[in-house]
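Reviewing the structure listed below.
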Amino acid sequence: MVTRIQGTNSGLDIDSLVASLMKAEKAPENVMLQKKQTLSWKMDSYREVNTKLSSFRDLLSGMRYSSNWGQTKVSSSDPTKVSITTDSTASNIAHTISVTSLAKGAIKSSSPGVSKEGLSGSADLSGGSTITSGSNDSFNVTLNGVTKNIVLTASPSAYSLASLQTEVQAKLDQSFGANQISVSTNGNFLQLTPNGTAGYLPQIVLGAVSGNNGLSNLGFSDKQSYKININDQLSNVVNQFVTTPLTYGDFTVNGQDITYSATDTISSIMGKVNNSAAGVNMTYDSVTDKFSFVSKGTGATAQVSLANGSSGNFITAINVDTTPVVGTDANVTIDGITSSRSSNNFTVSGVTYNLIASTIDPITATNTPVTVTVTQDTDSMVNKIKDFVSQYNDMVGLVSQKLNEAKYNGFPPLTADQKTSMKDADITAWETKSKSGLLKNDDILANISSSLRSMLSSKVQSVSSSFNTLNAIGITTNQYNSSAPNDAGKITLDENKLRTALAQDPSSVIGLFTNQDTSVIVKGVQQPTSNQGIAQGMFNRINITLTRLLNRAGGVNSIANDAGTDIGLQLRNLDTKISDFDGKLSKKEEYYYKQFSMMDTAIGNSNAQIAALAKLG
């Protein structure tokens, strides 16, 4: 690389001279950089329009389907008995409904008290026990699903049976509260008992702590429980059933075979039942100590039928009889017509009834029918159309601004060198003019502006002639005003006229936006026709425009020099040219420094010769 010098012999400022020469050499690159900046701004402008069009397209996507208009609202004279919802087919009308009985599923339950209750230790503690911290002082207790870690106080000498009983009781009271679990002795063994009402006692489950022998030291085992532990392997609980010891094999629920073995748990068996095709949910209530089988469906066709299998006695062990049971239908009277329903949730003429309770007073036997009312929800439809008007105007305003923006010649993007000599305010003012008019008279924007404007005045022939234009429901197009040119093409809503149209013919107003017509397809895209609703037609047209914008400038999250877009390809090509030109500039700069260096050296040699001759003279 050429050594850069400051003109030692010539006295010239070589760096300044080279910089001046390079400024001229860089002129073509500055033009490319300015073109790149202009393209980047243009891409940003296209993407700004893309974002606004996409937002409006999303609104239209919901508006183009009549099911999304929700043009009715409902009420119930007693929502604690009957509530309703509606769809777009519901008529504006009031209905009366009496509920004699609700639909119920089939339920089969065991007799309470399936388990042999009791939680006793097996270690003879008559000689007491020494408690050592970190060795045998800790275990877990779960009461009503809440687990606490119990840590006994270490003792330098052995606890007696009585003092050990007192210590365990104190720690349990400290963890769960007083009078929740009682600690007693059975001979020389400790035992734990939940407190509460007989027949409704909570479950206690014990758990060992890893690396600590606190539980076994007291004579208990991991997962030992007061009642059947549904999470313990069957091999550990087979003898804890009151009726009979459990044997392994299978059983059937509504004809579906459920198999189980020693390594299964009650929980895994319930999972097999609940996930089978039996249509039944099996549960266990640890407080009542009872199993239940409940049909997933309701009505007279719902059933629960249980039987032991070819081997095993599970149904017998859990104390459930095998008499099949079935559900019952709901008995209702709607507008004087009585019927049975298999579900408490059903739909009639667009109205979905949710039966919650009988309308018959259980004490007086008086029937008080519920009145449910379906009325037109005008406000929601007005708000939907207001949103349409607002977002349309936002979108059209931006498109009009881009199309009509003044274009200032003689204001190319500033170079880095130019900015160094300008004030920030001047830079901002210059760049405002540089960016202005980049999409003036743009073909894509002009096309969508014209297309949408024509749709505003079009007739939708598939709805009533009284309301087949936007003008007929109160939506008119603004005329051109030279003082606000960007407002031309925007629309105005006469809300009173809209509400009048909705009161007279809501179906036609909805159809004006939502009617579908698939009769004209061009290149796979549905085109607007005289039968197509405004929202549907605009949705299709904007989709086409968005595709064109994506092809030209990419989406909001696309990379700038994406070669798959028109502008991105231009930017990528410019990047390549600028990179190549930078290489040439670097070589040119080295060339200039080399030439000046040679000149400076020559001057130095000449000066030396003159000095030598002067000495000779």
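By the 4.5 Å heavy-atom criterion applied to side chains, Lys52 and Asp394 are counted as neighbours. The side-chain heavy atoms of Leu355 and Asn345, taken from C-beta on, include no pair separated by under 4.5 Å. With contacts defined as side-chain heavy-atom distances shorter than 4.5 Å, the pair Val114/Lys290 does not qualify. Inter-residue side-chain proximity for Glu405 and Lys440 is flagged as unmet; no heavy-atom pair is nearer than 4.5 Å. Taking the side chain as every heavy atom from C-beta outward, Thr85 and Val74 never approach each other to under 4.5 Å. Side-chain contact check for Val49 versus Leu445: some heavy-atom pair is nearer than 4.5 Å. Taking 4.5 Å as the limit, some side-chain heavy atom of Met395 sits within range of a side-chain heavy atom of Leu452. Taking 4.5 Å as the limit, some side-chain heavy atom of Val372 sits within range of a side-chain heavy atom of Tyr353.
No donor-acceptor pair under 3.5 Å is formed between the side chain of Ser390 and the backbone N or O of Lys386. Between the side chain of Asn254 and the backbone N or O of Ala278 there is at least one donor-acceptor pair closer than 3.5 Å. Looking only at distances, no side-chain donor or acceptor of Ser450 sits under 3.5 Å from a matching main-chain atom of Asn447. The closest donor-acceptor contact from the side chain of Ser110 to the backbone of Phe291 lies under 3.5 Å. Counting only distance, with no hydrogens or angles, the side chain of Ser434 and the backbone of Trp430 share a donor-acceptor pair below 3.5 Å. At distances below 3.5 Å, at least one donor-acceptor pair connects side-chain atoms of Ser267 with backbone N or O atoms of Ile230. Judged by distance alone, the side chain of Lys490 and the main-chain N or O of Tyr392 form no donor-acceptor pair under 3.5 Å. Within the 3.5 Å criterion, the main-chain N or O of Ser292 finds no donor-acceptor partner in the side chain of Ser109. Distance alone, capped at 3.5 Å, is enough to place a donor-acceptor pair between the Trp69 side chain and the Met63 backbone. In this structure, the side chain of Asn468 does not engage the main chain of Gln461 through any donor-acceptor pair within 3.5 Å.
Taking a cutoff of 4.0 Å between a charged side-chain nitrogen and a carboxylate oxygen, Glu48 and Lys402 qualify as a salt bridge. Salt-bridge formation is detected for the pair Asp575/Lys36: a Lys NZ or Arg NE/NH1/NH2 atom is positioned less than 4.0 Å from an Asp or Glu carboxylate oxygen. A salt bridge links Arg499 and Asp379; the closest N-O separation between the charged side-chain nitrogens and carboxylate oxygens is under 4.0 Å.
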Applying side chain to side chain contact (heavy atoms under 4.5 Å, CB included) to Thr338 and Val332, what does each step give before you reach the verdict? CA-CA 6 Å; Thr338 301; Val332 298; over 6 Å; no

Run the numbers on Thr288 and Asp285 for side chain to side chain donor-acceptor pair (under 3.5 Å), then give the verdict. CA-CA 6 Å; Thr288 60; Asp285 184 344; 3.3 Å; yes

Report the C-alpha separation of Leu143 and Gln203 in whole Å, then their side-chain angles, then the decisive distance to 0.1 Å, and conclude whether the side chain to side chain contact (heavy atoms under 4.5 Å, CB included) test is met. CA-CA 6 Å; Leu143 176 69; Gln203 170 76 302; over 6 Å; no

Run the numbers on Val382 and Leu498 for side chain to side chain contact (heavy atoms under 4.5 Å, CB included), then give the verdict. CA-CA 7 Å; Val382 169; Leu498 173 61; 4.1 Å; yes

Using side chain to side chain donor-acceptor pair (under 3.5 Å), reason through Thr333 and Ser98 one step at a time and then give a plain yes or no. CA-CA 5 Å; Thr333 301; Ser98 297; 5.5 Å; no

Pair Thr283-Phe293, side chain to side chain contact (heavy atoms under 4.5 Å, CB included): steps then yes or no: CA-CA 7 Å; Thr283 60; Phe293 296 81; over 6 Å; no

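Classification of the Phe388-Phe513 ring pair by plane angle, with boundaries at 30° and 60°, yields perpendicular. In this pair, Phe251 and Phe314 present their aromatic rings parallel. The plane angle is below 30°, not in the 30 to 60° band.
Under 3.5 Å, the side chains of Asp264 and Ser268 contain a donor-acceptor pair of N or O atoms. In this structure, a donor-acceptor pair under 3.5 Å is present between the side chains of Asn540 and Gln536. Looking at Asp58 and Ser61, their side chains never bring a donor and an acceptor atom within 3.5 Å of each other. A donor and an acceptor atom, one from each side chain of Arg453 and Ser449, are located under 3.5 Å apart. Ser54 and Asn50 are linked by a side-chain donor-acceptor pair at a separation below 3.5 angstrom, with hydrogens and angles left out of the test. Counting only N and O atoms by type, the side chains of Thr514 and Ser66 include no donor and acceptor under 3.5 Å apart. Checked by atom type, the side-chain pair Arg47/Ser45 shows no donor-acceptor distance below 3.5 Å. Donor-acceptor pairing under 3.5 Å is lacking for the side chains of Ser457 and Asn471. Side-chain atoms of Asn331 and Thr100 include a donor-acceptor pair closer than 3.5 Å. No donor-acceptor contact under 3.5 angstrom links the side chains of Gln303 and Ser305, judged on distance only. Judged purely by distance below 3.5 Å, without hydrogens or angles, the side chains of Asp289 and Tyr284 pair a donor atom with an acceptor atom. The closest side-chain donor-acceptor pair between Tyr46 and Asp442 falls under 3.5 angstrom. Under the 3.5 Å distance criterion, with hydrogens and angles disregarded, a donor-acceptor pair is assigned to the side chains of Thr347 and Thr352. Judged purely by distance below 3.5 Å, without hydrogens or angles, the side chains of Thr252 and Asp257 never pair a donor atom with an acceptor atom.
Between the CZ atom of Arg341 and the CG atom of Asp329 there is a distance of 10.0 Å, given to the nearest 0.5 Å. Taking NZ of Lys42 as the start and CD1 of Ile567 as the end, the distance is 6.0 Å to the nearest 0.5 Å. Summarising the geometry, atom CG belonging to Leu470 is positioned 10.0 Å from atom OG1 belonging to Thr476; distances are rounded to the nearest 0.5 Å. In this structure, CE in Met455 is found 6.5 Å from CE in Met538, a value given to the nearest 0.5 Å. The structure places CG of Asp250 at 7.0 Å from OG1 of Thr259, a figure rounded to the nearest 0.5 Å. Atom-to-atom distance recorded for Leu550:CG and Asp566:CG is 11.5 Å, nearest 0.5 angstrom.
Minimum interatomic distance between Gln34 and Pro413 (heavy atoms only, all atoms of both residues): NE2-O, 2.7 Å. Taking both residues in full, the closest heavy atoms of Ala330 and Ala103 are given as CB-N, 3.3 Å, listed atom of the first, atom of the second, then distance. Pro79 and Ser77 get closest at one heavy-atom pair: CD-C, 4.0 Å. Counting all heavy atoms, side chain and backbone alike, Lys296 lies closest to Asn274 at NZ-O, 2.7 Å. The heavy-atom pair separating Leu502 from Pro506 by the smallest distance is O-CD, 3.1 Å. Pairing each heavy atom of Thr328 with each of Leu102, the nearest pair is OG1-O, 4.1 Å.
Within 6.0 Å of the NZ atom in Lys497, the count of heavy atoms belonging to other residues, nucleotides or ligands exceeds 12. Residue Asp443 places its CG atom among more than 12 non-hydrogen atoms of other residues, nucleotides or ligands, all under 6.0 Å distant. Within 6.0 Å of NZ in Lys272 there are more than 12 heavy atoms belonging to other residues, nucleotides or ligands.
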